[in-house]
Amino acid sequence: MLGWSPEMFWKATAAEFEMTVEGLSGNVRGRPFISREEVRRIAAEHGVRPSLKANSNARTIGGV
């Protein structure tokens with residue numbers, strides 16, 4: 001349904017997944033699904049990981 005490869009699915013963040021599902025369902029809430037404070041708390045608890053945007057093999061949906 002998403003049109004994502006398994007690799008893309010497993011590398012997606014929860015926010016990316018949530019926005020995709022909202023967009024496909026037409027139920028866009030228009031607000032962040034997680035607050036910046038919650039992101040800071042999680043990062044402090046689990047550590048910061050590199051962004052997918054830094055991956056030279058990353059592609060945007062519909063991109064080439």
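Side chain of E38 to main chain of S35: no donor-acceptor pair is present (N/O by atom type, distance under 3.5 Å, no hydrogens or angles).
Atom CG of L24 is separated from atom CD of E22 by 10.5 Å, given to the nearest 0.5 angstrom. Note that CE of M8 is 9.5 Å distant from NZ of K11, once rounded to the nearest 0.5 Å. Note: E16 CD to L2 CG = 12.0 Å, rounded to the nearest 0.5 Å.
By the 4.0 Å N-to-carboxylate-O rule, R41 lies too far from E37 to be salt-bridged with it.
No side-chain heavy atom of V21 sits under 4.5 Å from any side-chain heavy atom of E18. The shortest side-chain heavy-atom distance between W4 and F17 falls under the 4.5 Å cut-off.
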